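In what follows, every heavy atom counts, from backbone to side chain, and hydrogens, waters and symmetry copies are set aside. Predicted model, so just to flag it, every value in this text is computed and none were measured.
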Amino acid sequence: MKKMLMVSSALALGLATTAAKAEPQAEVLHWWTSGGEAAAVKVLMEEFSENGGTWTDMPVAGGGGDAAMTALRARVLSGNAPTAVQLKGPSIQEWYEEGALGSIQGVAEAENWDELLPQAIQYHLKCDGEYCAAPVNIHRIDWIWSNSAILEDAGIEPPKSWDEFNAAAEKLQGMGILPLAHGGQAWQDATLFEAVVAGLGGPDFYRKALIDLDQDALTSDTMIDVFNQMRTLRGYVDDNFSGRDWNLATAMVINGEAAFQIMGDWAKGEFIAAGKEPGKDFFCSSPSGGSYLYNVDSFAFFNVDGEDRQAGQQLLAKLTMGKNFQKVFNLNKGSIPARLDVSMDDFEFCGRQSNADLNTAIDNGFLLPSYAHGMALRGAQAGAVTDVVTAHFNSDMSAEQAVEQLAQAVAASQ
């Protein structure tokens, strides 16, 4: 590990004093460009301004952040890094290892972040034991979204295990109803896969297989069961799924063209935008047996020169973890607050359920980072897994062949 290039301790420990000496400046690179996301970021911009700061917005749309990362790389190589950048998971550590990130430990200590954040989430935000990023949310990945009218007409409860899901899907197929809306894109295949791994194998197996990349787990009978379940799921999907965007799959459930979709909680925003009420017009349940697969968006703070930009980092870190932004952003985003003491009273049914499940998973040690959404593995390893998963899902490859290819691909990526 390279030694972290520290932001001045005087700045870190004395935000008010620093702000008096220099007007906080923040140039923020992110890819929150949809309607709700942009509205939520605007709240943070306004709070920043109200606290004496000047915000320069740098939204980069496209590619789920890929375009933003290209822009970031160019800025860093030119010696002109942004003040803060939307990052998540191992990419934070990768930038730190390149010597690019600074510390916001002073703000974190002053605001008691260790007391406010789940320990598992803290791991992603620290560089050599000090905070170098501030979280904005927690997304749950392993949701089953279901059309309530279809389920009620069929006499089916929202499934909470893969056995229950399969039984429901078989019944629906027998009634001429499409069980599963799915988009044939690699990341969507991976989203299905990790939910199956967690649900069939449990949290310990998930950690061994998709975090530790343990060869025994990757070649186990349990992993064969996982790929067999993936083959079963493929049988519940329509023939026109290839290349379908996730939101179009969500629309199929909203419109009654399919009963279920397995997707992260951003899908909830599509239901709500269509005027549907959680717990009434659509249901949310999880097949993961108490596990909770998460994705966390964060602002990472890069090494910058100038007291005004360093003061901007301190102010931005404080406001990002503030109760107001954590609440407003996540009401718009569909996710839940990263800090544990934010009231959930204004959140809808599925948001409250997600928060309750989060706390249960914390107590049981079942909180798991999503591999499919960039939290558990670095890029090469995650790509190796996904390549095999999507190849299997889109062919007649057997589960035994998939397991063999998975072990080989992972070994070659390390």
Side-chain angles (χ1 to χ4, degrees), residues 31 34 62-66 88-89 139-147 159 162 165-166 169 178-200 206 209-210 226-255 257-271 282 284-288 291-295 297 333-335 368-377 379 381-395 397 399 402 406 409:
W31 59 92
S34 72
D66 290 344
K88 62 181 180 180
H139 277 297
R140 185 175 193 173
I141 307 302
D142 50 324
W143 280 122
I144 300 173
W145 305 100
S146 52
N147 182 299
W162 287 112
F165 184 91
N166 293 345
L178 180 68
L180 180 60
H182 180 63
Q185 297 169 338
W187 72 269
Q188 296 189 60
D189 298 339
T191 299
L192 290 183
F193 178 75
E194 66 179 5
V196 175
V197 171
L200 292 186
Y206 182 97
L210 295 183
V226 168
F227 278 104
N228 280 327
Q229 175 63 28
M230 290 293 289
R231 176 65 66 233
T232 298
L233 291 175
R234 175 63 185 87
Y236 300 145
V237 176
D238 65 296
D239 292 333
N240 299 317
F241 76 101
S242 181
R244 178 185 292 143
D245 288 335
W246 69 268
N247 56 312
L248 299 181
T250 308
M252 292 172 66
V253 180
I254 293 172
N255 297 330
E257 299 169 31
F260 301 116
Q261 182 190 22
I262 299 165
M263 184 53 58
D265 51 24
W266 48 88
K268 179 174 59 180
E270 299 294 308
F271 285 93
F282 66 96
C284 48
S285 59
S286 174
S288 298
S291 297
Y292 187 110
L293 302 184
Y294 68 84
N295 172 29
D297 290 308
K333 191 73 165 60
S335 42
L368 303 170
S370 165
Y371 115 79
H373 295 269
M375 295 300 297
L377 300 173
Q381 287 73 43
V385 175
T386 299
D387 286 348
V388 176
V389 168
T390 198
H392 170 266
F393 197 75
N394 290 280
S395 72
M397 183 189 304
L406 179 65

- When S286 is tested against each of I141, I144, D142, L293 for side chain to side chain contact (heavy atoms under 4.5 Å, CB included), which residue passes? D142
Return the [atom1] to [atom2] distance between [X] and [Y], rounded to the nearest 0.5 Å.
| X | Y | atom1 | atom2 | value |
| --- | --- | --- | --- | --- |
| Q261 | L192 | CD | CG | 9.0 Å |
| H182 | Q188 | NE2 | CD | 5.5 Å |
| S335 | K268 | OG | NZ | 7.5 Å |
| S395 | R234 | OG | CZ | 10.0 Å |
| F193 | Y371 | CZ | OH | 6.0 Å |
| E270 | L248 | CD | CG | 9.0 Å |

- Message: For a side-chain contact (heavy atoms from CB on, under 4.5 Å) check, start with the C-alpha distance between L178 and E257, then their side-chain angles and the critical distance, and finish with the verdict.
- Response: CA-CA 7 Å; L178 180 68; E257 299 169 31; 6.0 Å; no
Any side-chain heavy-atom pair of [X] and [Y] under 4.5 Å:
| X | Y | answer |
| --- | --- | --- |
| R140 | Y292 | yes |
| I254 | T250 | yes |
| D297 | H139 | yes |
| Y294 | S370 | no |
| D245 | Q185 | yes |
| W162 | L233 | yes |
| F241 | F393 | yes |
| P287 | F165 | no |

- Does a side chain donor of either Q229 or N166 reach within less than 3.5 Å of an acceptor in the other side chain? yes
- Between the side chains of N394 and T390, is a donor N or O closer than 3.5 angstrom to an acceptor N or O? yes
- Task: Determine, stepwise, if the pair W145 / I262 fulfils side-chain contact (heavy atoms from CB on, under 4.5 Å).
- Result: CA-CA 6 Å; W145 305 100; I262 299 165; over 6 Å; no
[X] to [Y] - nearest heavy-atom pair and separation:
| X | Y | value |
| --- | --- | --- |
| A258 | A181 | CB-CB, 3.8 Å |
| V388 | A409 | CG2-CB, 3.9 Å |
| G183 | A249 | N-CB, 4.2 Å |
| S146 | V253 | C-CG1, 4.0 Å |

- Applying side-chain contact (heavy atoms from CB on, under 4.5 Å), run through W246 and W266 and close with a yes or a no. CA-CA 10 Å; W246 69 268; W266 48 88; 3.6 Å; yes
- Message: Keeping N147 on the side-chain end and A259 on the backbone end, is there a donor-acceptor pair under 3.5 Å?
- Response: no
- Give a yes or no answer on whether the side chain of S285 reaches the backbone of P159 with a donor-acceptor pair at less than 3.5 Å. yes
- Item | Electrostatic pair D238:R244 at N-O distance under 4.0 angstrom | yes
